[in-house]
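Report on the following structure.
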Amino acid sequence: MNFHHLQRRQFLKVSGLSSLSLLLSGCGTPLFEDIVGTLSEPLNRQVGELILNPQKPVPEFSLSEIQPEKLIVNTFRGTPIIDPEQYRLIIDGAVNNPLSLTLAEIQALPQTSMIIRHVCVEGWAAIVQWGGVCLREIIALAEPQANVKFAYFKSADGYYESWDIASALHPQTLLAYEKNGEILPVDNGAPLRLASPIKLGYKQSKWVTQISLVSGLSLFKGYWEDQGYDWFAGL
């Protein structure tokens, strides 16, 4: 464990902010849970941003360090069937230029590749090469309004997530359509999935079909977060 991670863990332990789920697990009603989440979310976000510095690039790995056998396939409601020719990525919400992009249009944007560690909350990790387009490139095309603070992600299987806008704009947050130099497999989220070294795996939605940019979070923040998981989920 390096000094940065030691500092982070010590700070979280002392502050009591290491997991919102620990707080929510002792709450008696959904209403109380919602009130606690509403009050604590801005503080958790500020602490997370202070510790994680969400615009700083994360060191990457070499090709020889890729671990293809360690990336476990987790499903939410089974693997959805998506016709790549009919696929559209919708970007809406507080934007001046709503978009409906085909996969070909997305793949025509500047491509980037990164080799990062994918970390699952269940305790396993895998070093993976992801290829795709920086999410901030697509967000810029949508011309977000000045009040945007969050991004919601909807998936073809009904999964949903929300991110702070700073993490969504991180230079290593991708909408990926390749894995380890090959076309992204359907089980891993094809035709398009989130990939980022700064968030836990459950934040990295697969089969993304819609991105909504908003000024505030709704009662529903994410599938697992709404069951008590940490919302910021930063690494």
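- In this structure, I81 and V186 have side chains that are not in contact, with every pair of non-hydrogen atoms separated by 4.5 Å or more.
- By the neighbour-count criterion of 12 heavy atoms within 6.0 Å, atom CD1 of I72 is densely surrounded, having more than that number from other residues, nucleotides or ligands.
- With sequence neighbours left out, P185 forms a side chain to side chain contact (heavy atoms under 4.5 Å, CB included) with K179, N188.
- Within 6.0 Å of CD on E182 lie no more than 12 heavy atoms contributed by other residues, nucleotides or ligands.
- Between K203 and D230, no side-chain nitrogen of the basic residue sits less than 4.0 Å from a carboxylate oxygen of the acidic one, so the salt-bridge criterion is not met.
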Intermediate values then yes/no, side-chain contact (heavy atoms from CB on, under 4.5 Å), F220 and D226: CA-CA 6 Å; F220 304 101; D226 293 342; 3.6 Å; yes

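- Remark: side-chain polar atoms of T209 are not paired, donor with acceptor, to backbone N or O of L89 under 3.5 angstrom.
- The shortest non-hydrogen separation linking S212 to D92 is OG-OD1, 2.6 Å.
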Audit row: L175, I211, side-chain contact (heavy atoms from CB on, under 4.5 Å) steps and yes/no: CA-CA 11 Å; L175 284 172; I211 302 171; 4.0 Å; yes

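- Grouping the Ile, Leu, Val, Met, Phe, Trp and Tyr side chains by contacts below 4.5 angstrom, directly or via other members, places L194 with L103.
- The closest donor-acceptor contact from the side chain of Q67 to the backbone of V128 lies at 3.5 Å or more, if one exists at all.
- Judged by distance alone, with hydrogens and angles left aside, the side-chain atoms of T102 form a donor-acceptor pair with the main-chain N or O of E105 at under 3.5 Å.
- Within the model, atoms CG of L235 and CD1 of I116 stand 9.0 Å from one another, a figure rounded to the nearest 0.5 Å.
- Shortest non-hydrogen contact noted between K206 and D187 is NZ-O, 3.4 Å.
- Of the N and O atoms on the side chains of Q204 and E161, not one donor lies less than 3.5 Å from an acceptor on the other residue.
- You'll find the side chain of E60 reaches within 4.5 Å of the side chain of Q172, heavy atoms only.
- Annotation: side chain of Y177 is not in contact with side chain of P191 (no heavy-atom distance under 4.5 Å).
- A single hydrophobic cluster is not seen to contain both V119 and L174; linkage of ILVMFWY side chains at heavy-atom distances under 4.5 Å, directly or through other members, places them apart.
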Verdict with reasoning, K221 to Y160, per side-chain contact (heavy atoms from CB on, under 4.5 Å): CA-CA 8 Å; K221 299 176 177 64; Y160 60 99; over 6 Å; no

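- Side-chain contact between V133 and T112 is absent, with no heavy-atom pair separated by less than 4.5 Å.
- Geometric assessment of K199 against the ring of F232 yields a positive cation-pi assignment under the 6.0 Å and 45° thresholds.
- Nearest heavy atom pair, residue D157 against residue G78, reads CB-O, 4.1 Å.
- Not a single donor-acceptor pair under 3.5 Å links the side chain of Q210 to the backbone N or O of I90.
- Across Y229, F153, Y159, W224, a single residue satisfies ring pair (Phe, Tyr, Trp, His ring centres under 6.0 Å) together with Y202, and that is Y229.
- Between atom CD of residue Q107 and atom CG of residue L192 there is a gap of 8.5 Å, rounded to the nearest 0.5 Å.
- Two residues are said to be in side-chain contact when any heavy atoms from C-beta on lie closer than 4.5 Å; I127 and F61 meet this criterion.
- Side-chain polar atoms of Y152 and S218 form a donor-acceptor pair below 3.5 angstrom.
- The hydrophobic cluster containing L213 also contains L169, counting ILVMFWY residues as joined when their side-chain heavy atoms lie under 4.5 angstrom apart, directly or transitively.
- For the residue pair I139 and A168, the shortest heavy atom distance occurs at CD1-CB, 4.2 Å.
- V121 and Y223 end up in the same hydrophobic cluster when Ile, Leu, Val, Met, Phe, Trp and Tyr side chains are linked at under 4.5 Å.
- Under the 4.5 Å side-chain criterion, counting only non-hydrogen atoms from C-beta, V148 is not in contact with V214.
- The backbone N or O of S113 sits nowhere less than 3.5 Å from a side-chain atom of Q129 that would complete a donor-acceptor pair.
- Atom CD of E65 sits about 3.5 Å away from atom OG of S62, to the nearest 0.5 Å.
- When all heavy atoms are compared, the tightest approach of I91 to V95 is O-CG2, 4.3 Å.
- The distance from atom CD1 of I82 to atom CZ of R88, rounded to the nearest 0.5 Å, is 13.0 Å.
- Taking every heavy atom of both residues into account, W231 and S162 meet most closely at NE1-OG, 2.8 Å.
- Residues S205 and R193 have side chains not in contact (no heavy-atom distance under 4.5 Å, counting atoms from C-beta outward).
- For an aromatic pair to be called close, the ring centres must be under 6.0 Å apart, and H118 with W124 satisfies this.
- Cluster membership check: I198 does not share its hydrophobic cluster with I115, using side-chain heavy-atom separations under 4.5 Å among Ile, Leu, Val, Met, Phe, Trp and Tyr.
- Side chains of S196 and W130: a donor-acceptor N/O pair is absent below 3.5 angstrom, by distance only.
- The main-chain N or O of L141 is found under 3.5 Å from a side-chain atom of N97 such that the two form a donor-acceptor pair.
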